[in-house]
Number of protein chains: 2
Amino acid sequence: MLENADSGPMEKKKLNPDRVFHALGDPTRRAILERLSEGPMSVSRLAEPLEMTLAAVVQHLQVLEECGLVQTEKLGRVRTCRIESAGFSFAAQWIADRRTLWERRLDRLGELLAEPEEDSPSGYEWLG
Amino acid sequence: MLENADSGPMEKKKLNPDRVFHALGDPTRRAILERLSEGPMSVSRLAEPLEMTLAAVVQHLQVLEECGLVQTEKLGRVRTCRIESAGFSFAAQWIADRRTLWERRLDRLGELLAEPEEDSPSGYEWLG
DNA sequence: TAATTTGTCAAGTGACAACTAAAGTATACA
DNA sequence: TGTATACTTTAGTTGTCACTTGACAAATTA
């Protein structure tokens with residue numbers, strides 16, 4: 001249900017990496033996000049260039065909304081959709097975290113190699 | 001650089017967002033990445049804490065490797081897996097691109113609102 | 001009021017993704 | 001040599017996902 005924005009007692013936007021990355025893994029959904037990053041748009045206008053039924057587009061929008069990538073609001077009979085930054089921030093943060101973890105490890109290895117006094121029983125043979 | 005102990009014809013790592021985000025959308029694969037960001041590891045060692053068969057883990061690793069998130073190398077009978085940064089960079093870049101696009105648009109709107117001389121037939125009513 | 005536009009909901013279909021089991025291959029070890 | 005280890009490969013099962021159809025509802029327009 002795309003309920004709420006009107007009566008919204010419960011938003012169920014679960015910012016978990018499963019949902020966000022799964023949402024981003026679909027080309028149609030990414031196309032929607034690219035369109036929306038140029039400005040808010042109604043559902044039917046979003047659907048125009050997409051070669052599928054309106055119902056399918058609505059389903060994609062539900063996925064995008066439930067993981068915090070899109071925010072919608074219904075006024076009259078028109079539902080307006082726009083980018084929501086929360087999902088993007090969340091995904092970017094997850095990636096950044098792993099990257100810094102890995103790169104910090106590479107840095108530590110670099111230091112070890114620079115002062116080769118201690119013998120490390122294992123851990124950097126793989127560097128070749 | 002050690003490369004491809006696998007004899008095979010060049011691996012096909014297609015750095016496309018479909019593959020990368022789909023790969024990141026699975027909890028098991030993210031668990032593998034988290035393990036690997038602490039250091040390289042063999043397939044069977046990676047499989048130990050995961051409650052599934054070794055074959056399943058290998059399939060996940062194939063997915064991760066084909067999209068540039070993991071790099072592997074076989075020596076003897078042991079395949080060693082490690083993080084590859086390419087996939088991470090690619091995903092991070094895609095997200096960053098959309099974010100800046102959207103935020104730049106918000107900035108332009110801010111400027112428009114600051115000097116309210118021109119009449120824009122539509123475009124910022126949604127700001128509420 | 002009647003017709004049109006814009007979206008919503010439910011059920012069904014086909015494809016694909018994740019997983020398993022089981023048999024096979026190559027390397028290391030006793 | 002024989003056995004264990006560390007994958008690899010194939011085929012099959014099961015569930016989920018993207019999409020459609022078709023009926024419906026509410027807001028707008030004629």
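A, B, ... follow the sequence lines: proteins, then strands. Residue 1 opens every chain. From a predicted model like this one, the values you see are computed outputs, not experimental measurements.
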Verify the ring-centre separation between F88(A) and W102(B): is it less than 6.0 angstrom?
->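 Centroid separation for W102(B) and F88(A): 6.0 Å or greater.
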In whole angstrom, what separates [X]'s [atom1] from [N]'s [atom2]?
{"X": "D18(B)", "N": "dA15(C)", "atom1": "CG", "atom2": "P", "result": "19 Å"}
{"X": "M52(B)", "N": "dT14(D)", "atom1": "CE", "atom2": "P", "result": "18 Å"}
{"X": "I32(B)", "N": "dC19(C)", "atom1": "CD1", "atom2": "C1'", "result": "13 Å"}
{"X": "Q62(A)", "N": "dC17(D)", "atom1": "CD", "atom2": "P", "result": "13 Å"}
{"X": "L61(B)", "N": "dC7(D)", "atom1": "CG", "atom2": "P", "result": "10 Å"}
{"X": "L75(A)", "N": "dT28(D)", "atom1": "CG", "atom2": "C1'", "result": "14 Å"}
{"X": "L54(B)", "N": "dA18(C)", "atom1": "CG", "atom2": "C1'", "result": "15 Å"}
{"X": "L64(A)", "N": "dC17(D)", "atom1": "CG", "atom2": "C1'", "result": "14 Å"}

Quiz item: Q59(A) side-chain donor-acceptor pair to dT8(C) base, under 3.5 Å |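 No, the side chain and the base share no sub-3.5 Å donor-acceptor pair.
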Can you find a donor-acceptor N/O pair under 3.5 angstrom joining the side chain of R77(A) to the base of dA27(D)?
->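 Yes, a donor-acceptor pair under 3.5 Å.
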Nearest to the side chain of [X], which nucleotide is it out of [options]?
{"X": "D26(A)", "options": "dT6(C), dA18(D), dA17(C)", "answer": "dA18(D)"}
{"X": "H60(B)", "options": "dA18(C), dC7(D), dC19(D)", "answer": "dA18(C)"}
{"X": "A56(A)", "options": "dC7(D), dT20(D), dC17(D)", "answer": "dT20(D)"}
{"X": "T53(B)", "options": "dC7(D), dC19(D), dT20(C)", "answer": "dT20(C)"}

Could you check A55(A) against G76(A) and say which one's nearest nucleotide on DNA chain D is further toward the 5' end?
->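 Nearest nucleotide further toward 5': that of A55(A).
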Are [X] and [N] close enough that a side-chain N or O sits under 4.0 Å from OP1 or OP2?
{"X": "K74(B)", "N": "dA26(C)", "value": "no"}
{"X": "T28(B)", "N": "dA18(C)", "value": "no"}
{"X": "H22(B)", "N": "dA18(C)", "value": "yes"}

How long is the span from the NE2 atom in H60(A) to the CD1 atom in I32(A), to the nearest 0.5 Å?
->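 It is 6.0 Å, given to the nearest 0.5 Å.
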State the CZ-OG distance between R99(B) and S85(A), to the nearest 0.5 angstrom.
->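 Atom-to-atom, R99(B):CZ and S85(A):OG are 7.5 Å apart.
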Please answer whether the main-chain N or O of L64(A) pairs with a side-chain N or O of R29(A) as donor and acceptor at a distance below 3.5 Å.
->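 Not at all, since once roles are kept as given, no pair shorter than 3.5 Å links the two residues.
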So what does R45(B) touch, heavy atoms closer than 4.0 Å: a base, only the sugar-phosphate, or nothing?
->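 Here R45(B) touches no strand at all.
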Going by atom types only, do R79(B) and T72(B) share a side-chain donor-acceptor pair under 3.5 Å?
->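 Judged by distance alone, the side chains do pair up.
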